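This is a predicted model, so every value here is computed, not measured. The basis for the numbers below is simple: all heavy atoms, side chains too, and nothing from hydrogens, waters or symmetry mates. Chain letters run A, B, ... following the sequence lines, proteins first and then strands; every chain starts at 1.
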Amino acid sequence: KVDDASHDEL
Amino acid sequence: MNIFRLAGDMTHLMSVLVLLLKIHTIKSCAGISLKTQELYALVFAARYLDIFTHYYSLYNTVMKLIFLGSSFSILWYMKRHKVVRRSYDKDQDTFRHHFLVLPCLVLALLINEKFTFKEVMWTFSIYLEAVAILPQLVLLQRTRNVDNLTGQYVFLLGAYRGLYIINWIYRYFAEPTYSTHWITWISGLLQTLLYADFFYYYINSVKNNVRLQLPA
């Protein structure tokens with residue numbers, strides 16, 4: 001599973 | 001974005017609006033812990049450092065601005081407003097919240113996903129948010145009678161991260177690219193568990209339509 005490290009939640 | 005995440009954000013938004021409504025309309029912050037509010041302002045300041053550098057969505061940016069703006073205006077009301085500040089009971093709000101900040105910072109330096117300033121600050125905000133409610137919960141135990149708005153505020157604040165947990169479960173199974181986020185998941189779970197006994201007494205008080213009283 002590839003997931004960019006940026007945080008897309010609050 | 002899924003419905004659980006949206007519900008969580010809306011619940012979180014409602015909690016800060018309930019608090020602002022209470023403070024702005026009845027010009028009182030009785031029963032509210034300034035220390036918890038200071039910790040939350042720190043949480044948002046540390047978490048949203050990327051607000052100007054990493055644009056993810058209009059929704060995220062707007063919500064970050066709302067959370068930053070509301071948490072700092074609550075601080076202003078409780079510390080500067082001539083009427084509201086008089087209703088702050090600093091003799092009751094005695095939790096030494098500084099003892100929460102340093103361990104969270106040290107832990108963020110030790111356990112993080114990437115050792116960069118922004119990532120460590122983000123991780124610090126995750127750990128700090130998990131314990132930020134403690135001064136408020138301690139204050140609630142002390143001030144026997146909890147007024148409705150304060151009870152609603154704490155309930156909504158606890159419920160939002162619980163909805164985030166459902167959002168993480170949903171994303172894990174629904175999104176193939178969604179990877180593990182142990183730091184967020186474990187902190188979020190711990191945070192929600194801290195509210196467990198409050199939830200129990202709050203729901204009972206609503207069900208039996210009696211004033212919320214936490215056991216000493």
Ring centres under 6.0 angstrom apart (B:W122, A:H7)
yes

Under 4.5 Å, counting heavy-atom pairs only, tell me which of B:F67, B:Y164, B:Y59 racks up the most with chain A.
B:Y164

Which atoms of B:D9 approach chain A - backbone, side chain, both or neither, heavy atom under 4.5 Å
side chain

Crowded around B:M63 CE? As in, over 12 foreign heavy atoms under 6.0 Å?
yes

Portion of B:F44 that has a non-hydrogen atom of chain A nearer than 4.5 angstrom
neither

Minimum heavy-atom distance B:L100-B:P135, with the two atoms named:
CD1-CD, 4.3 Å

Count the heavy atoms of every other residue, nucleotide or ligand shown that sit under 6.0 Å from CZ of B:F199, and state whether that count exceeds 12.
yes

Choice from B:M1, B:R47, B:R5 maximising heavy atom contacts with chain A below 4.5 Å:
B:R5

